[in-house]
Amino acid sequence: MAVRFSCGGVGIAQAGTVVDLRGWVNRRRDHGGLVFVDIRDRDGITQVVFDPALPEAFALGHTLRNEDVIAVAGAVRARPPGTENPKLATGAVEVAASELRVLSRSQTPPFPVNEEVDVDESLRMQYRYLDLRRPRLQRNLTIRHKLVKAMRDFFDERDFLEIETPNLIKSTPEGARDFLVPSRISPGSFYALPQSPQLLKQILMIGGIGRYMQIARCFRDEDSRADRSVEFTQLDVEMSFVEEDDVMAVMEECIVYVWQKALGHAIPQPIVRIEYADALRRFGSDKPDLRFELELRDVAPLFADTPIQFLHGHARSEGSRIVAVRYPGGASLSRRDFDALTETAKSFGAGGLIWISFAQDGWKSSIAKLLDDATVAALREAAGAQAGDALLLVAGPSAEASDVAGRLRLHVGDRLNLRDAAAYAFCWVVDFPLFERDPETGGLAPTHHPFTAPLPGQDALLDSDPLAMRAQHYDLVLNGTELGSGSIRIHDVDFQHRIFADVFKLPEAEIADRFGFFMEALRYGAPPHGGMAWGLDRLAALACGATSIRDVIAFPKNQNGRDLMMDAPSPVPAGALRELGLELKKSR
RNA sequence: GGCGUUGUAGCUCAGUUGGUUAGAGCGCCGCCCUGUCACGGCGGAGGUCGAGGGUUCGAGCCCCUUCAACGUCGCCA
């Protein structure tokens with residue numbers, strides 16, 4: 001009686017036992033008088049030998065092709081000395097096939113399943129079931145599973161309830177475009193798919209749940225990127241009767257636990273906290289990559305008396321920065337290299353780029369004629385440049401200069417291979433401003449979302465100087481990627497109303513229409529509460545060393561939001577539209 | 001919507017200054033092969049060069065338009 005084993009599960013311990021293996025033909029090596037077939041499942045690969053001594057199985061073995069699905073019964077035996085394969089976990093043994101059944105034949109696959117070669121991503125998506133058989137996705141989905149499992153275990157142990165929130169909800173535009181779902185029973189009315197369960201989890205707190213978590217699917221009808229898709233998954237968490245430090249402590253414990261469980265990696269604690277303003281000043285970003293140093297240096301004072309026209313203003317203006325990015329070894333770059341760097345800086349939004357290099361035989365610069373030795377020496381000192389380094393200088397209004405310099409820093413980090421995919425540098429970013437200026441409307445916009453509470457004691461600033469308000473808002477950042485945001489929420493209905501009415505200037509009717517249900521809930525004893533949400537796809541991608549979240553999603557959508565396997569979205573029959581009370585306009 | 005990269009055999013790619021019949025490796029098909037594991041040997045099939053238009057005696061290569069994939073800016077509270 002053959003015993004079922006996985007294709008990665010047989011070893012020398014099974015020698016002599018008759019096993020039953022099921023799986024896919026990974027490869028066939030047909031010697032004419034002897035046939036080797038590697039059989040594969042999620043667990044691994046085992047070599048099966050077909051010998052002419054058993055003519056029936058042997059004859060059928062000849063006909064096998066890659067990706068055929070087979071069941072093989074045979075005795076496990078140690079391989080003849082010298083023929084062991086150390087590259088295979090099961091390489092000490094082989095299965096001598098006594099019985100072969102072909103469960104399913106496969107057409108020739110459109111791309112190799114048994115090799116880790118790069119294949120055009122749209123082809124991989126169209127034949128996702130084949131891509132899923134390959135080691136990379138099997139490994140990534142396994143890691144993702146472990147992450148999610150660890151999260152559920154972690155929160156379960158701490159008395160959190162996992163609660164599902166609906167996917168068909170009310171459209172309450174939250175910045176991103178909603179996906180709308182027409183209602184058959186209420187023609188002309190639409191559900192929206194949630195951009196996040198934000199209001200629902202707050203209402204769960206009002207509902208006395210106290211501690212909530214969910215692995216929640218979210219939808220935003222915006223253009224995709226490598227790190228974001230129209231449909232994505234969040235770890236969503238909310239807690240009652242907590243302050244910032246309580247939430248951050250739990251979430252920090254969580255990431256440490258999860259990283260240990262899923263990756264066996266110990267995150268050093270405590271995770272460093274960086275104030276928002278500091279992050280911008282030192283790294284030019286509110287999601288700094290701490291895998292490498294190269295901190296930005298302000299050098300504006302050195303240009304206070306500069307004759308250089310375009311620097312002069314920025315050197316003296318409160319709202320401007322002149323920032324130096326150190327490029328270790330940059331003195332060996334050619335003028336052409338610096339020209340290319342300048343183009344790169346311009347693509348980041350810079351007006352231009354000043355460079356200074358410190359070679360053995362003296363300094364060079366794009367503005368050499370306008371610099372003197374003393375200024376250059378002071379610059380070198382201020383920016384901490386060593387012999388052989390170069391400095392890249394960016395000047396402009398603070399926000400722009402910080403952003404460009406921050407991107408240049410990352411660019412230099414990339415060029416010098418300082419951004420190690422196997423390293424994990426976490427940090428908290430705290431002390432965000434509550435509001436920021438919306439450059440389009442000129443009005444105020446929430447930095448996080450309109451339910452974020454300010455630091456205690458700042459309520460009065462709402463009328464006098466809202467831009468000076470700081471939020472009880474914290475981001476968790478890993479390797480320059482924002483994993484997630486959280487905050488303490490407003491639980492006072494009057495203050496929440498002032499945010500909508502006084503700050504965002506929403507008309508009463510609109511507040512009532514969009515948020516009426518929520519405002520009403522706040523009137524019935526809302527506990528102080530706060531929480532956080534993490535982008536699970538991003539987290540998984542970083543954990544797997546994947547460059548795109550599509551490599552940690554079983555059935556991802558492409559850049560245009562299309563599912564290439566199912567070919568969705570697709571037109572629907574006219575009758576389906578009629579039933580929904582919808583009529584299509586002729587396109588264009 | 002903007003910018004960039006890419007598009008040549010089933011896959012991954014090469015293709016010179018515009019010049020004969022568009023190539024390679026892998027895969028596929030057939031035959032041979034009893035210790036391979038990227039098995040090996042011999043033979044073979046397979047191409048609207050993304051699509052459309054143009055320049056030219058002649059276009060895979062030059063020009064215009066367009067489609068698609070990916071990256072990125074805008075956008076994503």
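Every chain is numbered from 1, with letters handed out A, B, ... down the list of sequences.
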Atom pairs under 3.5 Å: protein N/O with N/O of nucleotides 41-43 of chain B:
none

Report yes or no: is the ring centroid of F36(A) under 5.5 Å from the six-membered base ring centroid of U36(B), with the two planes under 30 degrees?
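So yes, this residue stacks on that base, both cut-offs being met.
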For H31(A) and C39(B), are the ring centres under 5.5 Å apart with planes inclined under 30°?
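The ring of H31(A) is stacked on C39(B).
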Let's see if you get this right: which residues in [range] place a heavy atom under 4.0 Å from RNA chain B?
range                       : answer
residues 481-512 of chain A : none
residues 40-55 of chain A   : Q47(A), P52(A)
residues 545-563 of chain A : R550(A), N558(A), Q559(A), N560(A)

Can you list every pair that meets ring pair (Phe, Tyr, Trp, His ring centres under 6.0 Å) and has a residue in residues 77-97 of chain A, with sequence neighbours left out?
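Checked against ring pair (Phe, Tyr, Trp, His ring centres under 6.0 Å) - neighbours excluded - no pair reaches residues 77-97 of chain A.
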Residue pairs, two or more places apart or on separate chains, that pass ring pair (Phe, Tyr, Trp, His ring centres under 6.0 Å) and touch residues 60-91 of chain A
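Every pair satisfying ring pair (Phe, Tyr, Trp, His ring centres under 6.0 Å) with a residue in residues 60-91 of chain A: F58(A)-H62(A).
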Does any N or O donor sit under 3.5 Å from an N or O acceptor when you compare the side chain of [X] with the base of [N]?
X       : N      : answer
R79(A)  : U36(B) : yes
R27(A)  : C37(B) : no
R77(A)  : G35(B) : yes
E94(A)  : G35(B) : yes
R225(A) : C70(B) : no
N66(A)  : G27(B) : no

Only counting residues at least two apart or in another chain, list the ones meeting salt bridge (Lys or Arg N to Asp or Glu O under 4.0 Å) with D118(A).
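Once residues adjacent in sequence are excluded, D118(A) has no partner under the salt bridge (Lys or Arg N to Asp or Glu O under 4.0 Å) criterion.
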Report all side-chain donor-acceptor pairs from residues 478-488 of chain A shorter than 3.5 Å, counting only partners two or more places apart or in another chain.
{"unit_1": "N479(A)", "atom_1": "OD1", "unit_2": "A425(A)", "atom_2": "N", "d": "2.8"}
{"unit_1": "N479(A)", "atom_1": "ND2", "unit_2": "A423(A)", "atom_2": "O", "d": "2.7"}
{"unit_1": "E482(A)", "atom_1": "OE2", "unit_2": "S485(A)", "atom_2": "OG", "d": "3.2"}
{"unit_1": "S485(A)", "atom_1": "OG", "unit_2": "D475(A)", "atom_2": "OD1", "d": "2.5"}
{"unit_1": "S487(A)", "atom_1": "OG", "unit_2": "R489(A)", "atom_2": "NH1", "d": "2.6"}

Can you tell me, in whole Å, how much space there is between the C1' of G47(B) and that of A14(B)?
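15 Å, rounded to whole Å.
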Describe the nucleic acid contact of [X] in one word from base, sugar-phosphate, nothing, applying a heavy-atom distance below 4.0 Å.
X       : result
T447(A) : sugar-phosphate
E84(A)  : base
E436(A) : nothing

Going by the rule side chain to side chain donor-acceptor pair (under 3.5 Å), which residues pair with R27(A) if we only count those two or more places apart in sequence or in a different chain?
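If we apply the side chain to side chain donor-acceptor pair (under 3.5 Å) test to R27(A), skipping adjacent residues, there are no hits.
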Mind checking side chain to side chain donor-acceptor pair (under 3.5 Å) for D289(A) and listing every partner two or more places apart, or none if nothing turns up?
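Here the qualifying residues are R291(A), R419(A).
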Check the interface with nucleotides 2-4 of chain B: list each N/O to N/O pair with the protein under 3.5 Å, or write none.
none

How do S347(A) and P450(A) order along RNA chain B: which one's closest nucleotide is nearer the 5' end?
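Nearest nucleotide further toward 5': that of S347(A).
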Extract all donor-acceptor atom pairs below 3.5 Å that involve side chains of residues 71-81 of chain A and protein atoms in other chains or at least two apart in sequence.
{"unit_1": "R77(A)", "atom_1": "NE", "unit_2": "E94(A)", "atom_2": "OE2", "d": "3.0"}
{"unit_1": "R77(A)", "atom_1": "NH2", "unit_2": "E94(A)", "atom_2": "OE2", "d": "3.2"}
{"unit_1": "R79(A)", "atom_1": "NE", "unit_2": "G91(A)", "atom_2": "O", "d": "3.2"}
{"unit_1": "R79(A)", "atom_1": "NE", "unit_2": "V93(A)", "atom_2": "O", "d": "3.0"}
{"unit_1": "R79(A)", "atom_1": "NH1", "unit_2": "T83(A)", "atom_2": "O", "d": "3.1"}

As a quick check of understanding, evaluate side-chain contact (heavy atoms from CB on, under 4.5 Å) for R470(A) and F432(A), giving each step before the final call.
CA-CA 6 Å; R470(A) 293 286 169 270; F432(A) 280 81; over 6 Å; no
May I ask you to evaluate whether R29(A) reaches the phosphate of C39(B), defined as a side-chain N or O under 4.0 Å from OP1 or OP2?
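It does, given that an N or O in the side chain of R29(A) lies less than 4.0 Å from OP1 or OP2 of C39(B).
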